Amino acid sequence: MKRLLLMTIIALSIAGCGSKNDEQSSNIDPNTINKAISSLSEKYPQCATLIERSVPQVASLWRAEDGTTAEFVAFCNDYFVGDSASRFKLAETLQQNFESLWGCYNKIGTDLKLHIHVDDGNPIEPIDELFNGFDPSAHLDDDMFANKIAFVTVLNFPNYSLEEKDAMNEQWTSLDWAYARLGDLFTSRIPASCNQILANQLAAADNYISNYNIMMGHLRNNDNKQIFPDMALITHWGLRDELKTHYSDGEEGLAKQRMIYQVMKRIIDQSIPECVINNDQYEWNPFTNAVSQNGKEIKAESEPLTRYQYFLDNFHAMQQIDKYSPVHKTAIDRAFNQDMEVSYDEIEKLFTEFCSAPEIKEVASLIEQRLGRKLEPFDIWYDGFKSRSAINEDDLSSKTKALYPNRDAFAQKGMPSILKQLGFKDDFNRFICSNVTVDPSRGAGHALESMMKCDNARLRTRIGADGMDYKGYNIAVHEFGHNVEQTITLHNVDYYALRGVPNTAFTEALAFIFQTRDLDFLGMHIADPNQDALNTLDIFWGCYEIMGVSLVDMYSWKWLYENPEATAAQLRDQVIAIAQQVWNQYFEPVLGEHDSPLLAIYSHMIDSPLYLPNYPYGHIIQFQLEQQIKGKCIADEILRIYPVGRLTPQSWMKHAVGSEVSTHPLLDEAHKAAQQLLNK
């Protein structure tokens, strides 16, 4: 009885954390919990351990509107399933119905956002923005609790901690994992109003970023010359990718890179003139910040802290959810311990140790040797380890535009060709392609998963009127990697509750595996005895860059929680200060320039809160997977690894490669690769 009382006290303490008023607090006292546990344990003695776990979790979510204490006990006795056959049947029913609910709501949301996400040639209308911010499933959790479906789920499939899941990995079957994932569904009780506010905010931030283009043909240098062709590049992705293309263009390319860097700094500190954003009516010198129209210089106002206001509004929307989240009490906790299932401290340690590794300077020396100059801050995006870096991008774009003049060409020819080259059999090839829809994107591009088997995943990338240029193709290959994972882990897992992967880093890993082979898919494989070493260094340098960016994102959110009353101006100043601090500690010794703010440029910080750490984590996983699939049929390995579904990260990696997630293999191989190329 002491053990039961301790458990109930702990459960009620958790339920009370973050509560601001009685409406958010449980009305179930310890004596009532013990009464329910005792009556159920007498009835189902074989389930005593399960009952002791589940009843307190139900109590922590129960509110006065759900019923009296007597009704709580009666509910537990009526809805607990005590035999394994009935429990399996209940799990089947829940999964079948959740697939229908989540799948249909996901499809509705996709349809409502269509005109915002997809470039159909028509302008975005105000009504499109309203539908983009509308979350049709905002009330679903409320309804699930109101009619007790959520409580039935928690009562029969309780939640397990990350530590418990990892400890049980060797003993659990896929069915045990499915039961555990059902237990993850209802650990908080967030009102529909909060969900809708968050949906509105994230949609607005996404729309802001999706339409944040720089008109490159209207940039001017200090000699008032145009050095870029007419093209619209989205921040930050388009600017970054354009910068990468100029490493083989000598002094002319270097001048373009320095101009892009200056544009980025103006965006970060919000000194960019508002009128030049997504507008081709003005010429702009990003070095002097002068703006002219029709050859005459005009006065132009800076963007009014819009970037940081969206960041701040994201935080405030997340704050509203905090007080309804008794287990994961902050957005930081939810992003790491709940979504990634890796702690903030573990990620921080992994990234800071990597960025401090001696191999960084070793690889930087190699890059300096290859460039024939001292490194500059924008060389965090050095792209010379890729095979395509020696090929003119205009030539690549000519090829991709000829192959893929429209979305149908990529869907009907490109995707099947990619799968065939990876080793997928024709039947499975057709199956994948029939479950992926290609759309032209207004934004940089993305992959949108399906949540039911009768709906398609979506692949979106920019497709111009004259076809898919190389940037669009490169992104399409990356997003197709996501789609392949999404399709396999929806259709090929043992149970719907196991749909997906441990976290988004694991789908990024497969997308990276596809993306690094983009030239091979074009039939442009470059035979190079140093190719393995170059691939290793490309992943390594990419990790270094994105880990620094991720640390800025993480530290900025941590600062916001310590300073919740901050203004947009204070947030801007602090994000820049954090970016400079991270830069000075981990990047200045390698790339120079004291107090560079460059790490704060990433658009994810504005439209995808705390998503960035998934990228470097995904690169680490990618490298370990690359080591695993080397010399094997890639398709066979994908079909062996990914259908296991959503285990915890470490459990999944043990299944995939036989060891946990670690940076040591990448660091070791980067050292060998750098030495190999330095000694050429």
Side-chain angles (χ1 to χ4, degrees), residues 17-18 162 188 190 194-195 197-206 208-209 236 267-270 305-352 355 503-505 508 545-583 585-586 597-618:
C17 288
L162 174 59
S188 61
I190 301 164
C194 291
N195 286 327
I197 288 170
L198 180 60
N200 286 339
Q201 175 52 38
L202 293 179
D206 181 65
Y208 166 72
I209 289 297
H236 75 286
I267 293 169
I268 291 166
D269 69 12
Q270 294 283 261
L305 296 180
T306 311
R307 178 181 181 88
Y308 296 97
Q309 189 62 55
Y310 275 113
F311 194 150
L312 193 60
D313 290 345
N314 290 344
F315 169 69
H316 289 150
M318 292 289 190
Q319 266 191 309
Q320 294 305 306
I321 289 175
D322 291 350
K323 56 189 176 183
Y324 300 100
S325 304
V327 178
H328 301 289
K329 304 179 185 68
T330 68
I332 296 172
D333 194 14
R334 292 190 293 276
F336 291 94
N337 292 325
Q338 183 178 54
D339 296 341
M340 285 189 74
E341 291 192 311
V342 187
S343 74
Y344 178 102
D345 291 343
E346 185 178 343
I347 290 292
E348 181 184 24
K349 184 173 184 289
L350 197 71
F351 291 179
T352 55
C355 290
N503 60 49
T504 51
E508 290 297 347
E545 170 246 336
I546 200 66
M547 283 180 182
V549 173
S550 300
L551 288 171
V552 172
D553 196 22
M554 291 164 64
Y555 294 157
S556 296
W557 273 86
K558 191 172 182 180
W559 181 85
L560 272 172
Y561 270 102
E562 293 167 352
N563 299 271
E565 304 301 321
T567 65
Q570 289 170 328
L571 176 59
R572 175 200 59 191
D573 294 345
Q574 192 61 33
V575 169
I576 292 173
I578 289 169
Q580 291 170 335
Q581 179 185 353
V582 173
W583 181 271
Q585 184 168 358
Y586 301 110
L598 184 57
L599 298 173
I601 188 57
Y602 268 59
S603 297
H604 301 79
M605 295 177 67
I606 311 305
D607 70 349
S608 302
L610 287 169
Y611 184 86
L612 279 164
N614 286 281
Y615 282 111
Y617 203 64

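The structure presented is a predicted model; accordingly, all values stated were derived computationally and were not measured.
A donor-acceptor contact shorter than 3.5 Å links the side chain of Ser550 to the backbone of Leu612. Put simply, the side chain of Ser608 never gets that close to the backbone of Tyr611: no donor and acceptor are under 3.5 Å apart. At least one donor-acceptor pair closer than 3.5 Å links the side chain of Tyr308 to the backbone N or O of Ile268.
From Asp313, atom CG reaches atom CE of Met318 across 12.0 Å, with rounding to the nearest 0.5 Å. Atom CG of Leu610 sits about 11.0 Å away from atom CG of Asp333, to the nearest 0.5 Å. Atom NZ of Lys329 and atom CD of Gln338 lie 12.0 Å apart (nearest 0.5 Å). Distance check, rounded to the nearest 0.5 Å: CZ of Arg334 to OG of Ser188 gives 7.5 Å. Rounded to the nearest 0.5 angstrom, Asp206 CG and Gln201 CD are separated by 11.0 Å. Distance check, rounded to the nearest 0.5 Å: CG of Leu198 to CD of Gln319 gives 12.5 Å.
Inter-residue side-chain proximity for Tyr344 and Asn337 is flagged as unmet; no heavy-atom pair is nearer than 4.5 Å. Side-chain contact between Tyr617 and Asn503: present, with at least one pair of heavy atoms (C-beta onward) separated by less than 4.5 Å. By the 4.5 Å heavy-atom criterion applied to side chains, Thr352 and Glu348 are counted as neighbours. Looking only at side-chain heavy atoms (C-beta outward), His328 and Phe336 stay at 4.5 Å or farther from each other.
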- Show your reasoning for whether side chain to side chain contact (heavy atoms under 4.5 Å, CB included) applies to Val552 and Trp583. CA-CA 9 Å; Val552 172; Trp583 181 271; over 6 Å; no
- Apply side chain to side chain contact (heavy atoms under 4.5 Å, CB included) to the pair Asn614 and Met340, showing each step before the final yes or no. CA-CA 8 Å; Asn614 286 281; Met340 285 189 74; 3.6 Å; yes
For residues 597-607, tabulate all N or O donor-acceptor pairs below 3.5 Å that involve a side-chain atom, not counting sequence neighbours.
residue : atom : partner : partner atom : Å
Tyr602  : OH   : Trp381  : NE1          : 3.4
Tyr602  : OH   : Glu545  : OE2          : 2.0
Ser603  : OG   : Thr235  : O            : 2.7
Ser603  : OG   : His236  : N            : 2.8
His604  : NE2  : Tyr615  : OH           : 3.1

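In terms of heavy-atom proximity, Gln270 sits nearest to Thr306 at OE1-N, 3.0 Å. Nearest heavy-atom pair, Arg572 versus Leu305, reported as atom, atom and distance to 0.1 Å: NH1-CD2, 3.3 Å. The heavy-atom pair separating Pro613 from Phe351 by the smallest distance is O-CZ, 3.7 Å. The nearest pair of heavy atoms linking Ala205 to Asn314 is CB-OD1, 4.2 Å. When all heavy atoms of Gln570 and Glu565 are compared, the closest pair comes out as OE1-O, 4.3 Å. A pairwise comparison of heavy atoms in Cys194 and Ile321 identifies CB-CG1, 4.1 Å as the closest pair.
The closest side-chain donor-acceptor pair between Tyr555 and Gln581, if any, does not fall under 3.5 angstrom.
Residue Gln574 qualifies as enclosed at atom CD: its count of foreign heavy atoms under 6.0 Å is above 12.
Annotation: Phe315 is in aromatic contact with Tyr561 [ring centroid separation under 6.0 Å].
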